[in-house]
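These notes are about the structure you will find just below.
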Amino acid sequence: MRYFTEIFQAIDASTKTNDKITALIEYFRKAEDLDKVWAIAILTGNKPKRPVKATDLRLWASEIADLPLWIIEESYYVVGDLAETLSHIVGNSDAVKQEEIPLHVVVTQLKDLFTASIEEKREFIQAFWRKGNKDENFVFNKLITGNFRIGLSKQSVIKALAIYLEREEKEIAHRLMGKWNPAKETMESLFSEDSLVSKDYLPYPFFLAYPLEEAPSAFLGNIDDWFLEKKYDGIRGQIIVRNSQVYVWSRGEELLTDKFPEFHILHMHLPDGTVIDGEIIPWKEGAPLPFGIMQTRIGRKNLSAKSLAEAPLVMVCYDLMEYEGVDIRHWPLSERRKKLLELINQEALQVLLIPSPLVELDTWEDVAHFRRNAREEFCEGLMIKRKSSPYETGRRRGNWWKWKTDPMTIDGVLIYAQSGSGRRANLLTDYTFAVWDGDLLVPFAKAYSGLTDKEILKLDKWVRRNTLEKFGPVRSVKAELVFEIAFEGINKSTRHKSGVALRFPRIARWREDKPAIEANTKEDLVAILNSIQQ
Amino acid sequence: MIQFKPEGIYCPQADVYIDPWLPVNKAIITHGHSDHARPGHKEYLCHTLSKEILKLRLGQDISVQTLAYNEAISINGVKISLHPAGHIIGSAQVRLEYRGEVWVISGDYKVLNDGVSAPFEAVKCNSFVTESTFGLPIYDFDPFEKIYADMNNWWQNNSKDGFNSVIIGYSLGKAQNILQHLQASDTRIYLHGAVANINDALRLSGFDFKGERLGEAFDRKKLNGDIIIAPMSVIGSPWLRKFLPYRIAVCSGWMTLRGARRRYGVDKGFVLSDHCDFKQLNYAIKETGAENIYVTHGYQSIYAKWLRESYGLNAIEIKTMFEPNPLEEIEEGL
């Protein structure tokens, strides 16, 4: 595992994507095949399940380091990452040379721990820690706790693989879709020419629109070259029909077929070799329902008839990537769309697959106007797609744009701060905001982003000097500072004291001009809620 | 005998403050970092080697009295002496004795010998005031030899690859340690003005550190896989462009944390500190034999709890104006 640790360090230390890719190619050239498969899986977020509980890890680390548990707990708040915390606690800084164990062996041993007794688990993990140096222990802990975020996108891994294998990125991306089992794959089975045949269930990599940063009139040219579609807030998905089977994938590359029994009949109506891209949303009587309704349904383990009736789902379809078993992604969008409409124009599919309606507008000014009032049109903005565009992979500029309406905003008072994790560990960057309910402050949102590094530093300093109480990692602070919180949606909630739950809350700006008393109230939130849901 | 007041640590019998934050009549200064040596006091008392640094930073006209290590004076019956703290050049612990009771206010200190400042000496006392900047078990520093071996490797590799090496460290303390341990000829090292200024001040006290000041007339064509030593403030500034192509490293105890390393967005982090790590703190505190430990500056409450539970000491948390933070290092020089 030493070699993987080195490559991990090299990628983690570098801030330049090209250096990371170069380091990775170097790794692929040197590592043994079995290790490569695991490295690819781990670096693309296809992580093995946790064989041991985090609480056990803490306990075992405290035994090795002869430290009380509470100080490990406190250390964790400072570091913001359990794997890293424990590597510092148990680590030998003296380079005790551990015999080299290949990555795939370590991972296999960890997998075997699933069925081991707690004593065996403890013994294995403590033995590894005792022999490993800090860096190896860190990677080892990461393997256990999951989540390898080292500033390396899946796209970069794909790029490195494409260069190493001398293949096209598109192809590599396709083969790495979804959750595959690294224990059952080899470099051969993953990437050899004929390995695709048996993989009917594989989706295509999604093509993602780029956010529009300025008004489209300035640079998109003739409006007639573009399709305008409503942007819905649902789950981006791909429906695949092949060999009389239906698969539904989310953009997060999760296979969600079981969550959508509505779609299970599709193989009776669509020909084999059909792949459709669209937005899955709850829909009733010709209009979309709020996103929150679907969220509760998605969270359910067992779908009752009741929840199916309360939140009936449809796919608003906007693209067709495969037709009669042929990849047609290179066709112009206008042609793909025509085929798509032909395919789904059937009586049986009317309440299941809805063609994404085109918005007919004559000028870019009309488009800007539509976008401003998007909420009244039950959408969150516009998609602007070039009629002649092929279906590309990943997020790219040029052919597909999204233009979201401005978020809703509310002014809240900062009441709690907590240290962040990762890049923000050791800084108080996770904030809780409250609105007035009479003369009480009730929390309504947590936000982590939106401030500049400079503001974060300034706020961190303020929090440290205005802390009222500490509860573990959380500090309550003087109710003094006001922030404008932007959000995309709002729903009723019984879980939150304020009675609402916000979608994608973040800090729009620091209202240094406003005293706490002028922040918004719970009534204001309810008013927004009502205005939207009418 | 000692009070913790808004102005700072105070000894009423001698009417002196130690490292006060607000202007006072008489201040004993443990060392020259700006969170300890504040402007505006009427009289300063510090170690001989801190004098020029204080004058450089607080003004040439300040009134400074100096003491050597272990040299004692008496103020109104209080015996006061300074003892090596091992933090930076001239850094001192302050020992105060009155009617048989002994307090030691350590300022910032480290136990490991950095080869530049006078090594830390534990002073027996009843009450010990300690910092806790790195007072958590996650801070476990490597020996200096190992760090400098890494650093020398690093710049030599950069040089081979055709890169200059920018090494970032606080201008007072860290910069001199680095200069002392770099295996590079004098002609290959260049200094940011802030570092050169400190070196010039230290020259008045008999020190001689290598490196050439980067002045207006500096010719960048001269650079060829060389080393630049600069303070934290240059990170992200256009000043660095002069040294392209370069690789950049930050030297700080905070570099222990991956998050902090990534936040700086530099090529390399060396865990090099002028402070004690957890083990050094524990060692120093035991060595003083003190029953009362006052914990400031850092993870006070956690570290004080640790001392109470693990060693049965009477450890008390003291709030300070300064809570150390990686991003504030620019001002505070940790």
Side-chain angles (χ1 to χ4, degrees), chain A residues 9-10 12-16 19 61-62 65-68 70-81 83-95 133-135 138 142 149-151 419-429 453-454 456-458 460-461 463-465 467 470, chain B residues 134-143 146-147 149-150 154 161 235-236 247-250 254-269 271 277-279 282 298-303 305-310 317 319-332:
Chain A
Q9 302 286 350
D12 191 41
S14 173
T15 50
K16 295 165 192 99
D19 291 353
S62 86
D66 194 19
L67 289 167
W70 66 263
I71 205 164
I72 293 180
E73 210 55 37
E74 295 282 1
S75 299
Y76 168 60
Y77 297 144
V78 169
V79 179
D81 179 295
E84 189 190 342
T85 310
L86 299 186
S87 72
H88 290 307
I89 300 269
V90 301
N92 302 296
S93 32
D94 329 320
N133 65 30
K134 266 187 203 176
D135 293 341
F138 172 59
K142 275 283 177 196
R149 288 176 58 182
I150 51 172
S419 50
S421 57
R423 206 171 74 88
R424 293 157 158 224
N426 218 359
L427 273 180
L428 300 156
T429 59
D453 278 359
K454 232 181 186 166
I456 287 176
L457 186 56
K458 186 171 163 195
D460 180 88
K461 216 168 181 175
V463 168
R464 284 171 203 275
R465 289 183 187 164
T467 299
K470 293 185 195 173
Chain B
F134 296 112
L136 286 178
I138 47 172
Y139 300 106
D140 178 19
F141 301 152
D142 283 337
K146 182 165 185 290
I147 299 167
D150 284 353
W154 180 75
D161 297 347
I235 293 184
R247 293 199 180 121
I248 182 169
V250 166
W254 298 113
M255 292 294 116
T256 297
L257 300 178
R258 186 165 158 253
R261 270 199 316 267
R262 289 197 292 172
R263 192 157 53 226
Y264 283 115
V266 292
D267 300 307
K268 179 87 187 160
V271 185
D277 63 5
F278 188 66
K279 285 179 186 149
N282 293 338
Y299 303 106
Q300 304 82 306
S301 62
I302 301 169
Y303 191 65
K305 181 177 171 190
W306 160 257
L307 291 176
R308 287 194 298 273
E309 285 197 0
S310 300
E317 163 193 2
K319 287 211 191 288
T320 62
M321 245 179 80
F322 295 95
E323 210 175 325
N325 185 303
L327 286 184
E328 288 181 44
E329 208 165 336
I330 305 158
E331 301 160 49
E332 298 178 21

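- For D277(B) against Y139(B), the heavy-atom pair with the smallest separation is CB-O, 3.3 Å.
- Contact of K268(B) with chain A is not made at all, since no heavy-atom distance falls under 4.5 Å.
- Chain B forms the most heavy-atom pairs under 4.5 Å with one residue out of D19(A), D12(A), I89(A), and that residue is D12(A).
- Ring centroid separation for the pair F134(B) and Y299(B) does not come in under the 6.0 Å cut-off.
- At a threshold of 4.5 Å between non-hydrogen side-chain atoms, the residues E84(A) and L257(B) count as touching.
- Annotation: D161(B), atom CG; neighbour count of heavy atoms from other residues, nucleotides and ligands within 6.0 Å is above 12.
- The contact between F138(A) and chain B is made entirely by side chain atoms (from C-beta outward), counting heavy-atom distances below 4.5 Å.
- For Y303(B), no part sits under 4.5 Å from any heavy atom of chain A, backbone or side chain.
- Heavy atoms closer than 4.5 Å to chain A are found in both the backbone and the side chain of T256(B).
- Separation of the W254(B) and Y264(B) ring centroids does not fall under the 6.0 Å cut-off.
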